[in-house]
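Predicted model, so just to flag it, every value in this text is computed and none were measured. Proteins get letters first, then strands, A, B, ... in listed order; numbering begins at 1 in each.
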2 protein chains.
Amino acid sequence: MDISKILDLIYQLPEQSKLELQNNVSEIAFPKGHILLKANKIESNIYFIKKGLVRAFVERDNEVTFWFGKEGETIISMKSYVEDEPGYENIELLEDCELYELKTKNLRKLFNEDVHIANWGRKFAEKELIKTEERLISRQFKNASERYLELMKDHPELIKRVQLGHIASYLGITQVSLSRIRAELK
Amino acid sequence: MDISKILDLIYQLPEQSKLELQNNVSEIAFPKGHILLKANKIESNIYFIKKGLVRAFVERDNEVTFWFGKEGETIISMKSYVEDEPGYENIELLEDCELYELKTKNLRKLFNEDVHIANWGRKFAEKELIKTEERLISRQFKNASERYLELMKDHPELIKRVQLGHIASYLGITQVSLSRIRAELK
DNA sequence: TTCATTTTTTATCATTTGTTAAATTTTTTC
DNA sequence: GAAAAAATTTAACAAATGATAAAAAATGAA
């Protein structure tokens with residue numbers, strides 16, 4: 001998915017502002033398994049996924065996967081981006097990826113210079129917020145089996161592309177529980 | 001908490017922009033028990049809490065409380081605000097409240113006219129996003145008892161001001177479970 | 001205060017999910 | 001293609017949480 005399309009998905013910018021943003025973007029590729037972002041470090045870039053699939057996870061006793069990103073989505077260490085503090089998330093590439101890279105520093109400059117880009121940034125955060133809030137609510141009143149069915153309905157491709165251990169973690173259950181749930185659905 | 005302080009908490013605006021925002025704000029009060037926002041309706045205002053306490057909940061078999069707002073916080077139907085679509089949340093006043101009201105229509109106009117206000121709106125969404133993401137992650141690897149202790153640590157005043165049924169719902173467990181957890185902590 | 005109502009706790013049993021270990025299947029590597 | 005490694009499933013039992021009902025405590029209204 002090309003950068004112009006990705007930027008439009010978030011918010012339709014006037015041509016001039018869009019070019020400003022695109023001029024600050026460079027392309028970069030990494031292989032499956034690469035750790036793009038490490039926890040407890042300030043990340044100075046954000047990335048848009050041209051091609052591939054990644055996961056965000058935090059490390060506890062085990063790894064807790066809390067987000068998947070695929071073509072068209074944006075990779076951000078929220079803490080770094082928003083508060084300039086080390087983030088809590090690691091980002092691992094689950095497939096070979098082609099990414100667009102944008103320096104946070106340059107983006108912040110554009111936020112202060114261009115009202116359209118500031119509103120683009122606002123829309124981005126707002127849309128992410130709605131997605132996160134809906135997931136939180138879903139967690140609050142659905143059991144594991146219902147959450148799995150919901151994921152199958154909303155993101156069937158994820159279940160094909162991601163190994164079940166990560167899916168189970170994302171759903172907030174153990175892999176063994178997910179396996180049991182799948183067996184019961186047959 | 002006065003409106004100037006509340007706006008500053010989100011993002012420090014230049015004086016001129018701040019006055020622009022403040023000029024669009026009016027004061028309003030409602031008694032405990034009042035339903036300020038109803039689900040499935042487009043809400044045309046956002047509110048800042050000057051004084052009091054509210055909760056956001058969705059209706060399922062039971063009510064699921066997913067947010068508490070107190071002095072200095074912002075009441076928004078995210079779906080209405082972001083996508084101009086009916087929201088999923090109800091907002092109930094848990095105490096008598098004094099609120100600042102701001103018409104979404106006017107705010108949108110300011111977002112397009114004033115780069116500082118656009119960035120204020122961006123910061124607001126970004127900060128809410130981090131809080132929501134942290135709660136989601138906490139849900140993913142902490143059990144009910146740990147989540148209760150976390151809430152006691154981070155927001156002890158909530159436990160004093162809110163009845164336990166709502167707290168239990170917010171934590172994603174039944175009131176009976178929360179009561180049991182409290183008994184085990186003694 | 002006193003009574004009625006609401007909230008919280010306690011108890012019991014059912015269900016869901018976790019833990020551990022082993023078996024099976026799939027994927028990767030040589 | 002065979003061996004090794006990784007991922008998934010299955011099984012048995014443990015622990016956490018849910019559901020229901022009843023008792024106790026707290027709150028609110030007359």
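For the pairing with A:Ser138, the side-chain hydrogen bond (donor to acceptor under 3.5 Å, both in side chains) check across A:Glu133, A:Glu146, A:Glu150 returns one residue only, A:Glu150. When the options A:Arg161, A:Lys50, A:Lys51 are evaluated for a salt bridge (charged side-chain N to carboxylate O under 4.0 Å, His left out) with A:Glu71, the one that passes is A:Arg161.
The CG atom of B:Asn143 sits 12 Å away from the C1' atom of C:dT17 (whole-angstrom rounding). At whole-Å resolution of the value, CG in A:Leu185 and P in D:dT9 are 11 Å apart. Rounded to whole Å, atom P of D:dA15 lies 15 Å from atom CZ of B:Arg180.
Cation-pi geometry between A:Arg135 and A:Phe66 is not satisfied (NZ or CZ under 6.0 Å from the ring centre, within 45° of the ring normal).
Rounded to 10 degrees, the angle separating the terminal helix axes of the helix from C:dT1-D:dA30 to C:dC30-D:dG1, each built from five base pairs, is 60°.
Within residues 144-179 of chain A, the residues having any heavy atom under 4.0 Å from DNA chain C are, by residue number, A:Ala144, A:Gly172, A:Ile173, A:Thr174, A:Val176, A:Ser177.
With hydrogens and angles ignored, the 3.5 Å screen pairs no side-chain donor or acceptor of A:Asn90 with any backbone N or O of A:Ile35.
B:Arg182 comes within contact range of the sugar-phosphate backbone alone, with a heavy-atom separation under 4.0 Å but no base atom that close.
Atom CD of A:Glu101 and atom CG of A:Asn24 lie 11.5 Å apart (nearest 0.5 Å).
In the model, B:Arg122 has no side-chain atom that pairs as donor or acceptor with a side-chain atom of B:Tyr11 under 3.5 Å.
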Checking salt bridge (charged side-chain N to carboxylate O under 4.0 Å, His left out) for the pair B:Asp154/B:Lys131: CA distance, chi angles, key distance, verdict?
CA-CA 12 Å; B:Asp154 295 346; B:Lys131 281 190 271 183; over 6 Å; no
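The pair A:Glu134-B:Lys79 meets the salt-bridge criterion, since a charged nitrogen lies less than 4.0 angstrom from a carboxylate oxygen.
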